[in-house]
Every structure is written in C-alpha cells, then in structure tokens.
Amino acid sequence: MNKKKVLELAKGFRGRSKNCIRIARERVEKALQYSYRDRRNKKRDMRSLWIQRINAGTRVHGVNYGNFMHGLLKENIQLNRKVLSEISMHEPYSFKSLVDISRNAFPGNKNVVVPPRKVTF
C-alpha cells in the first residue's frame, strides 16, 4: 500500500500510529487482520445468540432446544435459527404453536417436566 492509503486507513488511531508511516503501516496491517478474523467470528457469535434465544423460548414450554429442533426437522419445517429466534422473542403465540408441532412430531418431547421456580422474598 502506498503512503497516502496507509495514513488514510490509520486515521483515528492513537499516538504515532496515525502519523509515522512505519508504525502506521504495522498498525493498519494488524487492524485489517483483526477485521478479517472478526467478520467470521461475528457469524459464529450471532448463531450462538440465536440458539440461546430459541432455547430460552422452548424451555418456557417444557422442551429443550435439541428436541425442539429435531421435532421441526421431522415435520419438515424449514425455518432457520435467525427466524426462529425472532419469532420466539416477538410472537410468543406463534412460537408456542411451533413448540406444540415439534412436541407431537418427536416423542422425546413429551416427558420433559419444567422444574418449579423457587420464589424467595
């Protein structure tokens, strides 16, 4: 990269990282490595967040995440995890119907009992 491009990318860095070309080049190169890595990590993080939201929504209805997804697979309901997490947060009645469909499709869902919550004052 030429000097102008490096210093333009280094804009906003602290100290000599924004002025001195040698230091700026190293910092910009490292920043580009981080951004490349984190674009992939962001996809991983979002998927795990969606799974956590779905799991929380299904456990309210007495089913765990794995059994819920297996029941949807058996019923050939092809909703991805992003859409399922949005439904679980914003449309609880629609999500309950999906849980019921999954529960009927997979017999492993029937025996799950929700433990009672301990209420302390």
Side-chain angles (χ1 to χ4, degrees):
M1 279 192 261
N2 63 5
K3 182 177 177 179
K4 185 177 177 184
K5 177 80 171 177
V6 169
L7 291 177
E8 186 178 311
L9 289 172
K11 195 169 230 167
F13 289 0
R14 295 183 64 151
R16 290 196 306 165
S17 298
K18 66 176 174 280
N19 301 340
C20 299
I21 187 63
R22 191 174 288 175
I23 299 169
R25 187 175 291 124
E26 292 171 1
R27 297 303 302 143
V28 164
E29 189 175 324
K30 194 65 172 175
L32 292 173
Q33 288 173 359
Y34 286 142
S35 66
Y36 179 85
R37 180 197 67 191
D38 291 338
R39 280 194 298 273
R40 277 124 193 98
N41 287 350
K42 184 167 70 169
K43 293 166 183 56
R44 247 181 264 160
D45 293 342
M46 291 308 294
R47 182 180 166 99
S48 68
L49 176 66
W50 298 331
I51 290 172
Q52 289 170 12
R53 287 177 177 170
I54 295 167
N55 194 15
T58 57
R59 286 186 185 271
V60 169
H61 301 295
V63 180
N64 65 15
Y65 169 78
N67 290 342
F68 171 71
M69 293 304 283
H70 186 66
L72 291 183
L73 182 73
K74 287 223 178 221
E75 282 292 318
N76 199 22
I77 297 174
Q78 297 178 347
L79 292 173
N80 62 16
R81 286 163 182 82
K82 181 179 180 180
V83 172
L84 285 172
S85 75
E86 290 295 318
I87 292 172
S88 73
M89 287 191 317
H90 300 297
E91 297 184 28
Y93 295 114
S94 304
F95 192 72
K96 170 127 177 51
S97 66
L98 284 172
V99 171
D100 292 339
I101 291 169
S102 173
R103 183 180 284 136
N104 293 334
F106 181 56
N109 288 338
K110 295 188 189 318
N111 298 334
V112 179
V113 178
V114 178
R117 286 184 149 183
K118 292 182 182 178
V119 179
T120 57
F121 294 99

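Along the sequence shown, the residues carry numbers beginning at 1. Here the structure is a predicted model, which is why all the values come from computation and not from measurement.
Residues passing the side chain to side chain donor-acceptor pair (under 3.5 Å) test with Asn76, sequence neighbours excluded: Gln78. With sequence neighbours left out, the side chain to side chain donor-acceptor pair (under 3.5 Å) criterion links Ser97 to no other residue. Not counting sequence neighbours, the partners of Gln33 by the side chain to side chain contact (heavy atoms under 4.5 Å, CB included) test are Glu29, Lys30.
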Under 3.5 Å donor-acceptor pairs involving side-chain atoms of residues 45-58, not counting sequence neighbours:
{"unit_1": "Ser48", "atom_1": "OG", "unit_2": "Asp45", "atom_2": "O", "d": "2.9"}
{"unit_1": "Asn55", "atom_1": "OD1", "unit_2": "Arg59", "atom_2": "NE", "d": "3.0"}
{"unit_1": "Asn55", "atom_1": "OD1", "unit_2": "Tyr65", "atom_2": "N", "d": "3.4"}
{"unit_1": "Thr58", "atom_1": "OG1", "unit_2": "Ile54", "atom_2": "O", "d": "3.2"}
{"unit_1": "Thr58", "atom_1": "OG1", "unit_2": "Asn55", "atom_2": "O", "d": "3.0"}
{"unit_1": "Thr58", "atom_1": "OG1", "unit_2": "Val63", "atom_2": "O", "d": "3.2"}

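Applying the under-4.5 Å side-chain rule to Ile, Leu, Val, Met, Phe, Trp and Tyr, the cluster around Val6 extends to Met1, Leu7, Leu9, Phe13, Ile21, Val28, Leu32. Other residues sharing the hydrophobic cluster of Leu73, ordered by chain and number and joined by side-chain separations under 4.5 Å: none, the residue standing alone.
Note on residues 74-86: no pairs pass salt bridge (Lys or Arg N to Asp or Glu O under 4.0 Å), not counting sequence neighbours. Listed by first then second residue, pairs satisfying side chain to side chain donor-acceptor pair (under 3.5 Å) with a partner in residues 4-26 number zero, not counting sequence neighbours. Among pairs with a residue in residues 31-43, none fulfils salt bridge (Lys or Arg N to Asp or Glu O under 4.0 Å), at least two apart in sequence or across chains. The ring pair (Phe, Tyr, Trp, His ring centres under 6.0 Å) pairs that include a residue from residues 79-100 are Phe68-Phe95, where partners are two or more places apart or lie in different chains.
Taking all atoms of both residues into account, the shortest heavy-atom contact from Ala24 to Ala10 is CB-CB, 4.0 Å.
In the hydrophobic clustering of this structure, Ile87 groups with Ile77; members are Ile, Leu, Val, Met, Phe, Trp, Tyr whose side-chain heavy atoms approach within less than 4.5 Å, directly or through other members.
Counting heavy atoms from C-beta on, the side chains of Arg44 and Asn41 come closer than 4.5 Å.
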